[in-house]
Amino acid sequence: MRLDPVILFFLLGFAARFWDSDLKLPEALYETLSIYLLLAIGLKGGVELAKHPMGTVLPQAAAAMAMGACLPLLAYPALRHLGRLNGFDAASIAGHYGSVSVVTFAVGVSFLVKREVAFEEYMPLFVALMEVPGIVVGILLARMTGSAAAPAVLARPAIQWGALAHEIFLGKSVVLLGGGLAIGWFAGPSGLEPMSPLFFGLFKGVLALFLLEMGLVAAARIGDFRRAGPFLIGFGVITPVLFGAIGVLVGRATGLSVGGATLLGVLAASASYIAAPAAMRIAIPEANPTLSIVTALGVTFPFNLTLGIPLYHEIARRLIFP
Amino acid sequence: MRLDPVILFFLLGFAARFWDSDLKLPEALYETLSIYLLLAIGLKGGVELAKHPMGTVLPQAAAAMAMGACLPLLAYPALRHLGRLNGFDAASIAGHYGSVSVVTFAVGVSFLVKREVAFEEYMPLFVALMEVPGIVVGILLARMTGSAAAPAVLARPAIQWGALAHEIFLGKSVVLLGGGLAIGWFAGPSGLEPMSPLFFGLFKGVLALFLLEMGLVAAARIGDFRRAGPFLIGFGVITPVLFGAIGVLVGRATGLSVGGATLLGVLAASASYIAAPAAMRIAIPEANPTLSIVTALGVTFPFNLTLGIPLYHEIARRLIFP
Amino acid sequence: MRLDPVILFFLLGFAARFWDSDLKLPEALYETLSIYLLLAIGLKGGVELAKHPMGTVLPQAAAAMAMGACLPLLAYPALRHLGRLNGFDAASIAGHYGSVSVVTFAVGVSFLVKREVAFEEYMPLFVALMEVPGIVVGILLARMTGSAAAPAVLARPAIQWGALAHEIFLGKSVVLLGGGLAIGWFAGPSGLEPMSPLFFGLFKGVLALFLLEMGLVAAARIGDFRRAGPFLIGFGVITPVLFGAIGVLVGRATGLSVGGATLLGVLAASASYIAAPAAMRIAIPEANPTLSIVTALGVTFPFNLTLGIPLYHEIARRLIFP
Amino acid sequence: MNTHPKKLLVLIGEYALEKFLIRDAKRFGAHGYTIADVRGGGSHGTREADWEGSRSIRMEVICDPEVASAISEHVLRNYCANYSVSMYVTDVAVLRPEKF
Amino acid sequence: MNTHPKKLLVLIGEYALEKFLIRDAKRFGAHGYTIADVRGGGSHGTREADWEGSRSIRMEVICDPEVASAISEHVLRNYCANYSVSMYVTDVAVLRPEKF
Amino acid sequence: MNTHPKKLLVLIGEYALEKFLIRDAKRFGAHGYTIADVRGGGSHGTREADWEGSRSIRMEVICDPEVASAISEHVLRNYCANYSVSMYVTDVAVLRPEKF
Ligand SMILES: Nc1ncnc2c1ncn2[C@@H]1O[C@H](COP(=O)(O)O)[C@@H](O)[C@H]1O
Ligand SMILES: Nc1ncnc2c1ncn2[C@@H]1O[C@H](COP(=O)(O)O)[C@@H](O)[C@H]1O
Ligand SMILES: Nc1ncnc2c1ncn2[C@@H]1O[C@H](COP(=O)(O)O)[C@@H](O)[C@H]1O
Ligand code: NA
Ligand code: NA
Ligand code: NA
C-alpha cells in the first residue's frame, strides 16, 4: 500500500525536527494555513449542503453531535480508573477525543478520493457540528468530578456558562468552519466559482504544507512522551480504534454510504488539537496541557494518518457491504 | 438581489469581531494580502493598457486625476462648516475621500463581471493615478487653513515639499500599483502568462480573505463611532453618493462605457484607507486619525460594498443609455 | 532581447528600495516564499528523477558534486592573493561561490522554458547536490589556512565535524530540497498531481514575488559596496563568467544537452545566499558576512539574472553544437 | 530632565492569558500596557511559538507601586498555579507622571 | 564583572514614527537602537496591530544620561502632542562602555 | 508585596546565535529565558530583519548576579569579537525567588 503523499510531508517534518534540523515554519504561516483549511473545508461543505434535502441531513447531523457528546463519557472512566489520572486531566483528555481533528478529516477525504470511493459531500458539516459537543462534555466532567478530586488552589465559583459558551462557540475554528459553511451554503457553487482556484484548487497542497508543520510540532513533543507514560501512549492508539468503529457503526445506522461512514469513523477516532486545547486551557486550567497534546498530536494523529484511516475504511466496507 | 459572496466574507469578519470572537488574522498575512492585491491590480491594468491607444486613454486619465484633486475641495467646506471640525481634521478627511480605495474598486469590478457588464480593462490605471492627487490637496488644505485654526504646539516651518513628495509617491501602494502597471505594460499578456495562476487566478479568493480581515478591522472600530458623532456618520453615507454621481458624470463626459463610468463612480465614491492614512499621519499629525478611519472604513467602505456600487451602476445605466 | 518579466520584479524591488520607498515585505512572507521555492524545486526534480535511469544520472551527479567541491579551490587563491583578503574572508567567499543559488537556477529554467530549449528535467537534483560540497570545502580552507593568518581571539579547538555536518546537512535548504526530491521521487507524478496547483502552478508567480523581495534586500546593501571595494565587485562579475564556462564544459563532458549544460553553467556561476551564509556564520565566525553578501547578492546575483544566464546559454550552444 | 519614579511590571506568560491579563491590569488601575510576542523556556518546558498552544507573550505595564503590587499579587494567586507565568518589577523614570 | 552605568531609554509608539525616531536618536548621539513590534493600549485607545494604521513599536536605546535626556525631551516636544508615545528611562549596567 | 532582588540580563544579537545563547545560559545556571524577534542598528550596521541573515533577537534572562556575570563574560569572550552582540544588566525584583 502506497502512502498518500500528504503523509510524506508529515514524515519529512517529523524527521527534520527529530534530527534537530533548523527548519521552522514562521508562526504567521502556521496560522494562515490553519485559517485557510478551516475556511476551505467549511466552504466546501456549505456548497454541498445546499444540494441536499435537509430531511436526510438533519437526523445524521443530530446523531453525529450526540455521538461527539457521548464519546468523552467513554473515555473519562478509562483515563480516571485505568490510567489513574486526576479528574482534571482525565476530563480534559476526554474532551479532546470527543472533539475532532480537521486535518485528519481532510486526509481521510484525500484517502477516499484517491481510491475513488464516493461519500456524502456535505460531511464537512459534521466536522463543524462535532467540534463543540465533546469539548463541552469534557468541561462538564471536570466541573462535576474534578473539583473534588484535585488540589484546586482556588475556591472555584459557580461555572460562568455565558463566558464559557462564548469561548467555545466564538473560538476561531468554530467561526471559520461555521462561517465557511454559511457562506458556501448561501453563495452556492456558482457564487464560489471565482474563488475556487484559491479555496479548492490549492487545498491539497496547503494540506501538505500544514502536515509538514504538524510533523515539526509533533516531533518537538517527543521529549514529553516520558511525562505521558505508557498508559497514555496505549490510550492514544486504542481509543481511536474503538471510537473509529463506533463512528462507522453510527454512520451505518444513519444511512451513510461506505465513504461517509468511513469519514464519520475518522471524525470519531480523531482528537482535536486546534479548538480543544485552546478551550480547555481556559476552562480547565488545572489540567496539564502537555498530556493531552502528546496523546492527541504525538500518538493518535500519526496513528490515524497512517494506519487508522485505512482501518476505518476497511471496517466500513465489511460492515456495510459484508 | 444576491450579495456578491466576497461581501459575505466582510460580514463574517464583522460579525466575528462584533461578537468578540478570538479570530485574528496574523499581521503578516494582512500585509501579504494587501501587497498582493495592489500588485495584481497594477499588473492587470498594465497588461490592458498596452492594448489601448494612448490617445483615448490620456484625456480620460487626466480627467480622473483632476477630479481626484477637486473632490477634497468639495468635502472640506462641508466638514469645516457643517461639521464644525477643526482645519486639520477637515483637511485630512477631505484628503481620504479625494483618494481611492483599491479594495472597493476590486469589489466593483467583481460586481460588473458577475453581471457581465463590459468596462475599459485599463481602469486600474485610474486607481493608481487617483491615489495621490486627493491626498496632496488634502495636505495643502491643512497647510493653508489649518495652521491658523488649530492650537499647533509647534511653530511649523515652511512645507518640506521634497520630503512630502517622497512620502507620497514612494509609499507602498503607489509603488506596487505603479510598478505593477509598468511591469504589466512592459511584459504584456504573454510575458505574464506563466504568473497568471498566482496573480490573476487567485485574485478573487485573496480579495475574499482581505475582506474577511477588513470586516474584523472595521468592527473593532465600532467603539469609535461615538467619538465620530452623527455628523461624520452622515457624511460617510452622503459623500460617496454625491461623489459617485460626479464620478459617473465625469466618466460619461470622457467617453467611458457604462461599466467604465460605474467604476469611475466607485473610485470617486471610495475613500482611501491604505495610502491616505499613512501619508496623513506624517503630513498632518494634528489630525485625529480615528475620525478619518471610522468614517472611511467604518461607514463609507461597507456602504459602498453593499449599496453604493449597485447605485453607481444604476446611475451610469440611466445616464448613459437613458 | 526582452527581459524575463520575473527580472522586472527584481528591478522594481531594487528601485523601490534605492529611492527609499517604505515598501517592505513581512519577514514571514520572505521565509514562506523561500520555503516554498526550495520545496517546489525539490518536488519537481524528484518527480522527474523517477523517470530516468540511474545509470545516466549518477555519473553526471558525481561530476556536478566534484565540480562544486573544486570551484572554491580556484576562488580562494584569487581572493587571498589578488584581493589580499584574510584567510577567513577568502575561505568564506570561496565557499559561497562553490555552493549554488536556488533562485538563479529557477530564473535559468524560466529562461530556457521561454525560449523552448529542452533540458534534463531532473536538474533540480543537482541543485540539492551542489549546495553542500562548496560550503564544506570553504570551511576546510578556513580551518587549514585561516587560523594561522587571522587574529583569532579564541584558541580554536579541533574541528567538531559532527556538529558541523549537522549544521550543514540539516540546514533548512538541504532538508527542503532533499525532502522535496525524496517525496517527489516516491510519490511520482500521479501522487503529486492534486498538489500541483500549489507547487507547480504558482511557481513562477512566487518566484516573481521572491525576486521583488531580493531586489529590496540587494538595494539595501548598496551602502556596503564601499566596504567591499573594487576588487570584490570585479570578482563578483568575473568569477561567474569563468565558473559558468566551467559548468557548461562539465555539462558537455558528462553528456548533458544544451539546456542541461546551460543550467549546470548557471549553477556553477551562481553563489549561494541562503544555505552558505547561515552555515558560514557558524562555521567561520571570523569572516565578515558583509563581504560575501554584497558580492554574492549585490553583484553576482543581478549579473547572472540579466547578462550571465544568456551568456552561459550562448556558450553552451556554441560549444555543444558548434 | 524632570523625571518621576514609577514601577515597570513585566509579565511573561502563555498567550491564552492575554485577554485576562489586560482586563486585570486595567481593573487594578493600570492606564496602559504593551505586549510583544515572545518564545522562551522555563520550569514548564520550552515554548517555541511553533504552534498556537505554545505562543507566549511579554506584557509591560508602567504604573504606580501599589498598582504593580496589586496586579502581580492577583496574577500570583490566580494564574501561577496552573499557567506558565514569570513576573518581575523594576524601577523606571517617566517624564509625564500623570500619564501612567 | 566590571560594569559601567548607562541609561536605557524605552520609547513605545506608533509605527509611523519609526524612521523619525531612529533618525533623531542618532542625531542626539545614540550609537545604536533595537526595535520590536508590539501591540498595546493607553490613553489613545487600543492599538492591536491588526492593520497597518494600528501597528506599534517598542524602541530601546542604551546611552549616556545626557543623550537619553536629549532624545526624550525632543520626543516630548515634537511628537507627544499628536502621536501615541510612551517613554521611560531606567538604569542599566554594561560591560563595554565605549560601545554605547 | 514581598519581593526579592535578582538580575535581568538582556542580550541583543544575531539570530544565528540563538541556540548557542540558550545552551550557554542554561549551562551557567539560568532557569529560563525569553526571546523576542527584533531589528536594530549599531556598530555593525543596520540589521532590518528583511532577510534571514539580518534577523536579530533580544534575549532576557532573570537570574542571580553570579549567573548574569558568568553568562555575560562567556558571551563577551566567545562571541563579541565576531558577532553583533549588545548586553546589559539591570536590577529587578521578583516575587518567587526560587523560580529564577
Ligand atoms: N529565568 C527566566 N528568565 C527569563 N524568562 C523566563 C525565566 N523563566 C521563565 N521565563 C519565561 O516565562 C515563561 C514561563 O516560565 P515557566 O512557568 O517557568 O515555564 C517561559 O516560557 C519564559 O518565557
Ligand atoms: N501604562 C503603560 N504601560 C505600558 N505601556 C503603555 C502604558 N501606557 C501606554 N503604553 C503604550 O504606549 C502606547 C501609546 O500610549 P498612549 O499614547 O497612552 O495611547 C500604547 O499603545 C501602549 O503600547
Ligand atoms: N546603543 C544601543 N541601544 C540599543 N540597542 C543597541 C545599541 N547598540 C547596539 N544595539 C543592538 O545590538 C545589535 C548589535 O549591535 P552592534 O554589534 O553594535 O552592531 C544591534 O543590531 C542593535 O539591535
Ligand atoms: Na473524536
Ligand atoms: Na474618492
Ligand atoms: Na557556484
Side-chain angles (χ1 to χ4, degrees), chain B residues 25-40 42-43 46-47 50 162-163 165-203 205-206 274-275 278-279 281-282, chain C residues 1-37 40 106-107 109-116 195-213 215-216 219:
Chain B
L25 268 54
E27 203 213 325
L29 176 58
Y30 167 85
E31 284 184 64
T32 299
L33 297 176
S34 74
I35 289 169
Y36 171 94
L37 290 175
L38 292 162
L39 201 49
L43 289 169
V47 167
H166 186 274
E167 194 66 42
I168 295 169
F169 287 102
L170 289 163
K172 98 175 174 193
S173 58
V174 175
V175 166
L176 288 169
L177 274 172
L181 273 166
I183 293 178
W185 184 81
F186 194 82
S190 68
L192 288 190
E193 216 277 319
M195 300 170 205
S196 72
L198 178 64
F199 288 119
F200 305 142
L202 302 188
F203 187 84
V206 173
I274 296 188
R281 202 71 196 99
I282 303 299
Chain C
M1 185 212 60
R2 277 215 143 177
L3 276 181
D4 189 331
V6 289
I7 297 169
L8 299 174
F9 285 82
F10 181 82
L11 297 179
L12 175 59
F14 197 94
R17 179 64 204 233
F18 186 79
W19 282 307
D20 245 342
S21 161
D22 67 356
L23 176 62
K24 252 188 198 180
L25 268 54
E27 203 214 325
L29 176 58
Y30 167 85
E31 284 184 65
T32 300
L33 298 176
S34 74
I35 288 170
Y36 171 93
L37 290 176
V107 176
V109 167
S110 155
F111 175 89
L112 294 180
V113 167
K114 211 173 156 194
R115 272 158 199 72
E116 301 183 354
M195 299 170 205
S196 71
L198 178 64
F199 288 119
F200 305 143
L202 302 188
F203 187 84
K204 194 79 184 281
V206 173
L207 182 62
L209 280 181
F210 194 78
L211 284 168
L212 178 67
E213 167 73 6
L216 293 166

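FYI, side chains are in, hydrogens and waters are out, and symmetry mates aren't considered; it's all heavy atoms of this structure. So that the names make sense, note that chain A is the first sequence line, chain B the second, and so on, each numbered from 1. Every value quoted in this text rests on a predicted model; they were computed, and no experiment measured them.
Between chain C and the options B/V175, B/L192, B/V174, heavy-atom pairs under 4.5 Å are most frequent for B/V175. When each of C/L11, C/L209, C/L212 is checked for heavy-atom pairs under 4.5 Å with chain B, C/L209 comes out on top. Ranked by heavy-atom pairs shorter than 4.5 Å toward chain B, the options C/S110, C/P5, C/A208 are led by C/P5. Ranking B/G184, B/P197, B/P26, B/S190 against chain C, the residue ahead of the rest is B/P197, based on heavy-atom pairs under 4.5 Å.
C/F111 carries C/R115 over the face of its six-membered ring, with the cationic atom under 6.0 Å from the centre and within 45° of the normal.
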Point to revise | Stepwise ring-ring contact (aromatic ring centres under 6.0 Å, His included) test for C/Y30 and C/F210 | key: CA-CA 7 Å; C/Y30 167 85; C/F210 194 78; 5.5 Å; yes

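Atom CZ of C/F10 is separated from atom CG of C/L216 by 9.5 Å, given to the nearest 0.5 angstrom.
For a residue to count as touching a neighbouring chain, one of its non-hydrogen atoms must lie under 4.5 Å from one of that chain's; by this rule C/V6 touches chain B with backbone and side chain alike. Looking at B/I168, there are no atoms closer than 4.5 Å to chain C (heavy atoms on both sides), in backbone or side chain. For C/F203, no part lies under 4.5 angstrom from a heavy atom of chain B. Both the backbone and the side chain of C/L25 have a heavy atom closer than 4.5 Å to some heavy atom of chain B. Proximity to chain B (any heavy atom under 4.5 Å) is restricted, for C/L12, to the side chain, taken from C-beta onward. Contact of B/L176 with chain C is made through the side chain alone, with heavy-atom distances under 4.5 Å.
Residues satisfying the salt bridge (Lys or Arg N to Asp or Glu O under 4.0 Å) criterion with C/K24, sequence neighbours excluded, are absent altogether.
At a threshold of 4.5 Å between non-hydrogen side-chain atoms, the residues B/L177 and B/L39 do not count as touching.
Taking all atoms of both residues into account, the shortest heavy-atom contact from C/D22 to B/K172 is OD1-N, 3.0 Å.
In the displayed structure, C/F18 atom CZ is contacted under 6.0 Å by at most 12 heavy atoms of other residues, nucleotides or ligands.
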